[in-house]
Amino acid sequence: MGTWGDGPFDNDQAMDVIGELAEMEEGERREYMQRLFATVLDPSSAPAGAKVSTWPKEVIAAASLIAMVLPGGSVVFDPESSDDYDTGAEENVDDEWLEALLPQPGSELIRLASEALQVVADPDSKWFIDWVGGDDEGAEWLARIVRVLNGGVRRQH
């Protein structure tokens, strides 16, 4: 039986990706995320035999990891907060996602994360209709993460 929740890391697919990312070196993590986002944007770009998942929850988790290190990234966990998220806070010490963060994702990866998340969060997509449906709170939460990512792209340029 799988775990399915509303948060960015509240499901099995997301936690699997986070676990994999946490075990990788920073450069490998960056490449994995880049392939994940690029594959969402252009499925034909995946190398033959590549093991790159494109479950929407995995994209949301990876994009959330990028957003968390940007100004305003606290919206990932707290939609009402515009403060920067304190990854060093004592209550987060045991969280596996901390090891999966990229402290300096760079403008290209931030852009890819934003674009891939927008594909997943498109209100007309089958995934969005089936999973988010009429949940205005879920839709607004995804939109806030997209805004944080877009703000990160603008600041990088």
Side-chain angles (χ1 to χ4, degrees), residues 2-42 45-47 50-121 127 131-132 137-157:
T3 302
W4 301 95
D6 295 334
F9 312 137
D10 294 342
N11 58 80
D12 291 341
Q13 280 82 20
M15 289 311 297
D16 288 347
V17 165
I18 288 168
E20 287 180 42
L21 290 168
E23 293 176 5
M24 294 178 187
E25 296 295 324
E26 189 172 324
E28 294 173 305
R29 210 174 309 142
R30 182 179 311 283
E31 283 180 26
Y32 183 94
M33 287 184 181
Q34 210 162 4
R35 283 192 314 269
L36 174 67
F37 299 141
T39 302
V40 169
L41 297 171
D42 179 11
S45 71
K51 186 180 180 225
V52 178
S53 302
T54 55
W55 279 83
K57 286 288 192 173
E58 293 171 344
V59 174
I60 291 170
S64 294
L65 288 170
I66 301 293
M68 287 173 65
V69 300
L70 301 174
S74 61
V75 300
V76 169
F77 287 122
D78 182 1
E80 303 303 318
S81 177
S82 61
D83 297 332
D84 292 344
Y85 189 75
D86 182 9
T87 58
E90 186 175 323
E91 66 267 15
N92 302 321
V93 168
D94 294 328
D95 290 337
E96 186 174 27
W97 54 261
L98 279 173
E99 296 298 320
L101 292 174
L102 279 175
Q104 307 250 333
S107 61
E108 179 63 13
L109 190 57
I110 297 169
R111 182 189 64 76
L112 284 172
S114 174
E115 291 177 7
L117 185 57
Q118 289 177 69
V119 167
V120 167
W127 179 85
W131 284 88
V132 178
E137 189 175 308
E140 179 54 30
W141 172 71
L142 289 172
R144 286 179 180 166
I145 294 173
V146 168
R147 285 195 292 273
V148 167
L149 292 167
N150 287 342
V153 171
R154 283 192 298 278
R155 277 187 291 287
Q156 298 282 320
H157 283 111

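The line from CZ of Arg29 to CE of Met24 is 8.5 Å long, rounded to the nearest 0.5 Å. Remark: Asn150 CG to Gln118 CD distance equals 5.5 Å, nearest 0.5 Å. The distance from atom CG of Leu21 to atom CD of Glu28, rounded to the nearest 0.5 Å, is 10.0 Å. Atom CG of residue Leu101 and atom OG of residue Ser64 lie 10.5 Å apart, to the nearest 0.5 angstrom.
Scanning all heavy atoms of the two residues, the minimum distance from Val76 to Trp141 falls at O-NE1, 3.0 Å. Residues Val120 and Val40 approach most closely at CG2-CG1, 4.5 Å, considering heavy atoms. Between Met33 and Leu65, the shortest heavy-atom contact is CE-CD1, 3.8 Å. Taking all atoms of both residues into account, the shortest heavy-atom contact from Phe37 to Leu109 is CD1-CD1, 3.9 Å. What you find for Ile18 and Ala61 is that their closest heavy atoms are CD1-CB, 4.3 Å. Closest approach of Ala62 and Leu36 over heavy atoms only: CB-CD2, 3.7 Å.
By the 4.5 Å heavy-atom criterion applied to side chains, Glu115 and Val153 are not counted as neighbours. Proximity of Ile110 to Arg155: side-chain heavy atoms (C-beta onward) are nowhere separated by under 4.5 Å. Contact annotation: the side chain of Pro103 never approaches that of Val69 to less than 4.5 Å [non-hydrogen atoms, C-beta and beyond]. Under the 4.5 Å side-chain criterion, counting only non-hydrogen atoms from C-beta, Leu117 is in contact with Leu142.
Listed by chain and residue number, Glu140, Arg147 satisfy the side-chain contact (heavy atoms from CB on, under 4.5 Å) test with Ala143 (two or more places apart in sequence, or in another chain). In this view, Glu108 and Gln34, Arg111, Leu112 satisfy the side-chain contact (heavy atoms from CB on, under 4.5 Å) rule, not counting sequence neighbours.
Side chain of Arg144 to main chain of Gly72: no donor-acceptor pair is present (N/O by atom type, distance under 3.5 Å, no hydrogens or angles). Arg30 contributes a side-chain N or O that, together with a main-chain N or O of Pro105, makes up a donor-acceptor pair within less than 3.5 Å.
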